[in-house]
Amino acid sequence: MRPLLRGVIGLTLVTSVLAGQQSAADSLWRAGRTADAVQEYRRRVAARPGDIQANFRLAQSFAWQGQIDSALVHIRIARRTDPRDPDLLEAEATFLSWGRQWRAALVRFDSLIATASHPADLRYRNGRARTLAFQGDFAAAHAVYRGILRSDPSNREAAFGLAQLTAWSGRLDEAAWHLRTLDAVQPGETRVLVLLSQIEVWQGRVTAAERTASRVTPGDSSTADVRAHREGLLRQRASTVEAASWVSRDSEGNANRWTSFSARALARGDWHLGVSAGLLVASDAFRTGSREQVEATVAHPLANGTVSGGLGLRSITPAPLDPGEPPPADRQRVTGQLGITQRLGGGVIVRAGASRSVFDEVASLTPLQLDLSQREASLEWVGDGTTSLLGGASILELRDGNRRWRWNARVSRRVDPSLVLGIGAATFGFESRGFRYFSPNRFSIREITADWSIDRGPWVAAAGAGAGTQQIGTGVVQDLWRGELRVVRRLGRTEVEGAMLHANSAAASLVGAYAYTAGGLTIRRRF
């Protein structure tokens, strides 16, 4: 046989074998045996590195596993063979979006939209809207989704995206209504049921969330999103115990050590029950006092909100007012709290509460026989999820006849999924001055804030900072600053959290502006 003929026959045989591998891999993929299919596609790529279908499937598999860099490598190899293929370009744009490379993803979606005819362009516009939502530009994403629905009112992808965006914006009732409408038209869609169930979890309606999740088709239960949501439901049902220890010290020489233990459980009918106990030991250069407390709490979801309450007992062992004096008598007081949160239409959230307690933070070092009664209310508008407005007010009545009033306001804007910037102001003051606690007739705060958070599997990190001014009465305007950091490490059912704070706000002082530092360690365990 001549060499050329052998080469032709050999090429024919190789092509036949590769086609068989491709067919087998596709069959495995369609059957849901992704891992086996990936092995077949790997063999296909090893024999023919530029194979479009095999590289495309490998890219999908890597992307689903969160390995975006590997997914982009394979999709770009496939695009070398056919650079203008719209499916490959759409896949690359989608993977870039998943990998937080939003600007590059938007450029590719814009390219697809510019060259696509109607109605194919609607699919790419949906991809563009999803990318805008991922990067935190909720207003722009909302506009794109609305534009798609004006062109095609039955576009299910845009309707779901709008519901998802509404949920992320905090307008849970509105989002649930959209999802139930989608479910009525086409019952049983997995992504609709999973998001609706997640919203019910956020509303505290775990039993309803479990019923919704149970409607997911059994064959879809193995997907990553469904598995993650079912694991989240198990965590919601799990009982939790927590131990925490904190220390703090301020520039006046006062030190505090706080140790607490708590347990929480979800009982039948979505009743959230909790119990806690704690010990605070306060000291300065001459004295040491302590406070012990126990408390039981209960919470239950309402139709569009939550009601909660608690009862407790606090025992205070004050220190002597002066060295050498006998310590004052211990004090025991029953404490209580009641609160309600109600979500109204249009992203408005109303909160109100009342509580009765004791002036224990001071009394542990200074024997003040003070009981406190407080009433507070706040109104928040979450808007489109990018911008939120918050306003609140409270009245605190002290047993000695004094009264403190307070109001606060804040505007926040999310500039990135991980970053929120804000500006806020607060003012409080006492009707009467001159008591043995920090009681200015007026104290004001103005600050700019930044809060950052990120969740990466076993690690969660969050940081916050604020800078501005504070003024007591008509006194000198002083600098105000604060910084805090929180890091959480997940170890199976156990979480270990470390946190620290440094600030100079006079709002926490007995005599005026000063600096204080606090740090603590918390361990949580689910059962």
Side-chain angles (χ1 to χ4, degrees), residues 11 14-15 17-117 119-137 140-141 144 157 161 191 223-225 228 416-418 454-457:
L11 180 59
V14 169
T15 302
V17 171
L18 290 175
Q21 290 176 350
Q22 184 73 53
S23 177
D26 287 342
S27 297
L28 290 168
W29 187 275
R30 288 192 295 269
R33 296 171 56 186
T34 307
D36 294 332
V38 165
Q39 294 303 317
E40 293 293 334
Y41 286 126
R42 286 183 186 277
R43 283 191 282 270
R44 176 80 175 184
V45 167
R48 185 178 291 177
D51 185 280
I52 293 179
Q53 177 76 352
N55 278 291
F56 179 69
R57 291 303 193 195
L58 287 174
Q60 283 183 300
S61 177
F62 279 120
W64 291 342
Q65 298 172 41
Q67 301 178 47
I68 302 301
D69 290 339
S70 297
L72 289 171
V73 167
H74 282 283
I75 208 68
R76 285 164 181 167
I77 291 173
R79 286 195 62 212
R80 289 175 194 162
T81 304
D82 191 354
R84 297 184 178 181
D85 183 278
D87 292 335
L88 296 177
L89 187 59
E90 182 184 14
E92 183 181 23
T94 300
F95 298 157
L96 286 167
S97 176
W98 292 357
R100 302 170 67 87
Q101 299 180 49
W102 298 303
R103 183 171 298 178
L106 290 172
V107 168
R108 282 156 179 77
F109 278 122
D110 287 340
S111 176
L112 285 164
I113 294 168
T115 57
S117 59
D121 65 313
L122 297 183
R123 187 168 81 246
Y124 308 137
R125 287 164 64 186
N126 270 308
R128 190 179 198 281
R130 282 194 304 272
T131 302
L132 290 167
F134 288 161
Q135 76 171 5
D137 195 346
V144 176
E157 192 70 28
R191 63 178 179 175
T223 64
D225 288 345
D416 180 89
S418 302
I454 191 168
D455 190 334
R456 288 291 183 270

Without swapping roles, check the side chain of [X] against the backbone of [Y] for a donor-acceptor pair under 3.5 Å.
X	Y	answer
Arg48	Arg44	no
Thr131	Gly127	yes
Asp416	Gly136	no
Ser111	Val107	no

Going by an N to O cut-off under 4.0 Å, is there a salt bridge joining [X] and [Y]?
X	Y	value
Asp85	Arg79	no
Arg57	Asp51	no
Glu90	Arg123	yes

Taking C-beta and beyond as the side chain, do [X] and [Y] meet within less than 4.5 Å on heavy atoms?
X	Y	result
Arg108	Gln101	no
Arg100	Ile68	no
Arg125	Phe109	no
Leu96	Glu92	yes

Distance from [X] atom [atom1] to [Y] atom [atom2], nearest 0.5 Å?
X	Y	atom1	atom2	result
Thr94	Arg130	OG1	CZ	6.0 Å
Ile113	Asp121	CD1	CG	7.0 Å
Arg128	Asp110	CZ	CG	4.5 Å

| said: Does Arg76 form a side-chain contact (heavy atoms from CB on, under 4.5 Å) with Leu88? I'd like the steps, not just the answer. | reply: CA-CA 8 Å; Arg76 285 164 181 167; Leu88 296 177; over 6 Å; no

If every non-hydrogen atom of [X] is compared with every non-hydrogen atom of [Y], which pair is closest and at what distance?
X	Y	result
Gly50	Ile77	CA-CG2, 4.3 Å
Ser97	Ala105	N-CB, 3.7 Å
Ala141	Ala133	CB-N, 3.7 Å
Asn55	Ala78	CB-CB, 4.0 Å

| With sequence neighbours left out, what residues match Tyr124 under ring-ring contact (aromatic ring centres under 6.0 Å, His included)? |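 Not a single residue meets the ring-ring contact (aromatic ring centres under 6.0 Å, His included) criterion with Tyr124.
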
| field | Qualifying ring-ring contact (aromatic ring centres under 6.0 Å, His included) pairs, either residue in residues 67-89, two or more places apart | value |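 Qualifying pairs: Phe62-His74.
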
| said: So, using side chain to side chain contact (heavy atoms under 4.5 Å, CB included) as the criterion, who are the partners of Ala91 when residues are at least two apart? | reply: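 Side chain to side chain contact (heavy atoms under 4.5 Å, CB included) check on Ala91 returns Phe56, Ile75, Phe95.
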
